[in-house]
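First up is the structure itself, then whatever we jot down about it.
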Protein chains: 2
Amino acid sequence: MNQAGMTQEAMTQTRLDAVRLDGAGPIYDQIRRAVRDLILAGTWPPGTSVPPEHALMEQLGASRMTVHRALVQLAREGLITRRRRSGTIVASPPASHAMLDILSIPEEVERLGQRYDYEVLSREDGRPSAELALRFGLKRGEKVAHLVTLHRADGKAHVLEERVIHLATVPAAAAEDFSKTPPGDWLLGNSLWSQAEHAISAVPAEPDDAQLLDIGAGEPCLLIERRTWNQGSPVTAVRLLYPGSRHRFVGRFGPYGQV
Amino acid sequence: MNQAGMTQEAMTQTRLDAVRLDGAGPIYDQIRRAVRDLILAGTWPPGTSVPPEHALMEQLGASRMTVHRALVQLAREGLITRRRRSGTIVASPPASHAMLDILSIPEEVERLGQRYDYEVLSREDGRPSAELALRFGLKRGEKVAHLVTLHRADGKAHVLEERVIHLATVPAAAAEDFSKTPPGDWLLGNSLWSQAEHAISAVPAEPDDAQLLDIGAGEPCLLIERRTWNQGSPVTAVRLLYPGSRHRFVGRFGPYGQV
DNA sequence: TCTTGCCATTTGCATATGCAATTAGATAGC
DNA sequence: GCTATCTAATTGCATATGCAAATGGCAAGA
């Protein structure tokens with residue numbers, strides 16, 4: 001191999017060392033979990049190339065078919081994509097989530113064929129007030145960035161976003177002013193998350209919010225609250241307030257799950 | 001074999017004949033789809049035993065490992081359950097659906113630890129009025145049962161259900177008075193569905209509905225609309241109106257899908 | 001320089017084989 | 001009858017083997 005080849009080989013070696021089996025359960029499942037964990041932990045970020053089957057096979061002392069089985073399963077779960085000759089790479093998490101696909105508001109608006117813009121209405125960093133802590137379930141001590149953002153579609157209010165970002169988990173957020181990228185999208189590219197919880201409910205618009213959304217006070221709005229964590233540490237919490245009359249969320253499924 | 005054995009064998013034969021490959025794509029996937037389709041079509045209802053690997057292997061001329069691969073996938077998808085020696089049986093569809101698990105309202109209420117009861121407020125069978133057809137997207141010609149049901153938790157209005165049932169697809173509904181089982185639960189046991197679509201939105205309560213739900217007119221409500229089909233034929237459509245202040249729907253997921 | 005064709009790498013699929021684990025049902029023993 | 005034991009059916013897992021399909025990248029040729 002040439003020098004470039006050596007570098008390549010060294011990288012592969014590094015990647016291989018990270019794969020550790022825990023001896024619990026079938027070998028193919030140990031391999032699957034080991035690789036999955038490396039991906040979810042961010043050790044192998046999206047785009048990283050996964051070692052080829054032969055390399056894993058030798059490293060782990062398993063047969064190719066066993067390694068193959070593990071990787072095929074991960075591919076079906078959407079964590080990796082595989083192509084003959086090109087090899088296997090870590091996939092990017094899918095942007096959409098059937099029912100609650102509101103990860104990127106710009107995308108959501110543009111998919112409707114409307115022009116998107118947004119405005120950060122306020123921003124404050126520091127320890128949360130009692131009221132804010134209550135609303136987002138924060139502890140008083142933790143430092144957060146608190147942002148209120150209005151998103152527009154074709155110039156009309158689309159959704160009002162109120163968000164806190166945990167600066168201990170995402171320190172880079174302190175230095176970002178979100179003038180070019182709205183907070184939700186910025187977080188997608190600048191933080192990791194491993195779990196989320198969302199809740200959906202119908203609430204009357206508060207007078208202040210109603211004015212911003214250009215609807216009448218007390219009109220029904222769809223409130224989506226989402227909190228995300230990474231390995232147990234809180235990342236962000238957001239409340240998205242949609243004017244009820246202008247929005248529906250639609251999903252499809254079959255008796256055994258998503259179709 | 002004894003006579004009982006013969007019967008058993010004959011049944012197995014019947015079941016085997018139903019498995020037909022279409023020649024498209026990998027063999028394991030042809031087998032997987034063939035079996036899946038028999039399950040979804042109701043030919044093999046929940047509880048039916050699937051022929052053992054050896055039988056499928058001989059019937060289809062594939063190796064056992066290939067048959068095995070197909071069945072393992074179906075098991076992972078939740079359509080079948082497998083046990084050594086006992087064999088493979090068709091699974092019952094899971095009762096709950098993470099985000100929109102509102103298939104059974106009695107269960108939903110009892111899970112909250114409250115006493116459930118309900119009342120059918122009105123029922124009419126026949127061809128839909130223009131207004132009804134519009135609201136549920138029906139064709140004027142199709143005969144439907146139209147039901148309005150109020151569900152209560154601890155005696156308080158919980159959700160207002162308005163439903164149409166397509167009598168062409170579910171003829172048995174014509175003879176059922178729903179006095180013992182609410183329509184949604186009755187349908188779960190007396191009809192098949194292969195696809196559903198749901199939509200969620202926030203609407204103000206109409207005066208009539210507000211009175212039934214014991215809230216103020218115009219107060220925000222969460223409206224869940226769901227339509228289900230079986231093999232393309234409409235089965236039922238329902239509008240569930242929840243008082244917004246008393247309900248939240250919660251779900252959890254990870255970056256690559258449901259956790 | 002550009003194109004064409006070839007080769008080596010990597011994944012995809014199917015088979016054959018063997019053994020392990022589970023357990024329903026039959027059998028033997030009490 | 002009841003229980004303990006055995007047998008055989010059935011799935012679960014791992015390996016070895018061989019070939020097919022796709023294709024990145026190199027080499028030869030125009």
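So that the names make sense, note that chain A is the first sequence line, chain B the second, and so on, each numbered from 1.
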(Q) With a 3.5 Å distance limit and no angle check, can you tell me whether A/Gln195 reaches the backbone of A/Thr228 through a side-chain donor-acceptor pair? (A) no
Q: Give the rounded distance in Å between these two atoms: CG of B/Leu74 and P of D/dG12.
A: 12 Å
Q) Would you find a donor on one side and an acceptor on the other, under 3.5 Å apart, between the side chain of A/Tyr242 and the backbone of A/Ile224? A) no
**Q.** Interatomic distance, A/Arg83 CZ vs C/dA8 P [rounded to whole Å]
**A.** 21 Å
Q) How would nucleotides 4-9 of chain D be written as a contact map, 5' to 3', with B for base contact, S for sugar-phosphate-only contact and - for no contact, using protein heavy atoms under 4.0 Å? A) ----BB
(Q) Whether B/Glu77 and B/Arg32 form a salt bridge (side-chain N of Lys/Arg under 4.0 Å from carboxylate O of Asp/Glu) is what I want to check. (A) yes
**Q.** Gap between atoms CZ and P, on B/Arg82 and C/dA24 respectively (whole Å)
**A.** 16 Å
**Q.** Between D/dA14 (C1') and A/Leu21 (CG): distance, integer Å
**A.** 14 Å
Q. What distance do B/Trp229 atom CH2 and B/Thr169 atom OG1 have between them, rounded to the nearest 0.5 Å?
A. 11.5 Å
Q. Counting distance only, does the side-chain N/O of A/Ser191 pair as donor-acceptor with the main-chain N or O of A/Leu187 below 3.5 Å?
A. yes
Q: Round to the nearest Å and state the distance from A/Ile89 atom CD1 to D/dT23 atom P.
A: 13 Å
Q) Which parts of residues 65-72 of chain B get close to DNA chain C, meaning a heavy atom less than 4.0 angstrom away? A) B/Met65, B/Thr66, B/Arg69
**Q.** Salt bridge flag under 4.0 Å for residues A/Arg33 and A/Asp29
**A.** yes
**Q.** Distance below 4.0 Å between A/Thr88 side-chain N/O and C/dT10 OP1 or OP2
**A.** no
Q. At under 4.0 Å, does any side-chain N or O of A/Tyr28 touch on OP1 or OP2 of D/dC13?
A. yes
(Q) Taking the basic N atoms (NZ, or NE/NH1/NH2) and the acidic carboxylate oxygens, is any pair closer than 4.0 Å for A/Arg239 and A/Glu225? (A) yes
Q. Any side-chain N or O of A/Arg64 under 4.0 Å from OP1/OP2 of D/dT15?
A. no
Q) In whole Å, what is the span from the CD atom of B/Gln30 to the P atom of C/dG12? A) 18 Å
Q | Residue whose closest nucleotide on DNA chain D lies nearer the 5' end, A/Ala62 versus B/Glu53 | A | B/Glu53
Q. Rounded to whole angstroms, how far apart are CZ on A/Arg76 and C1' on C/dT11?
A. 16 Å
Q) Expressed in angstrom and rounded to an integer, what is the separation of A/Gln73 atom CD from D/dG12 atom C1'? A) 13 Å
(Q) Quick one: does any side-chain atom of A/Tyr118 pair with a main-chain N or O of A/Ile105 as donor and acceptor, under 3.5 Å? (A) no
Q | Check ion pair A/Arg82-A/Glu53 (N to O, under 4.0 angstrom) | A | yes
Q. For A/Ser86 and D/dT23, is the shortest distance between a side-chain N/O and OP1 or OP2 below 4.0 Å?
A. no
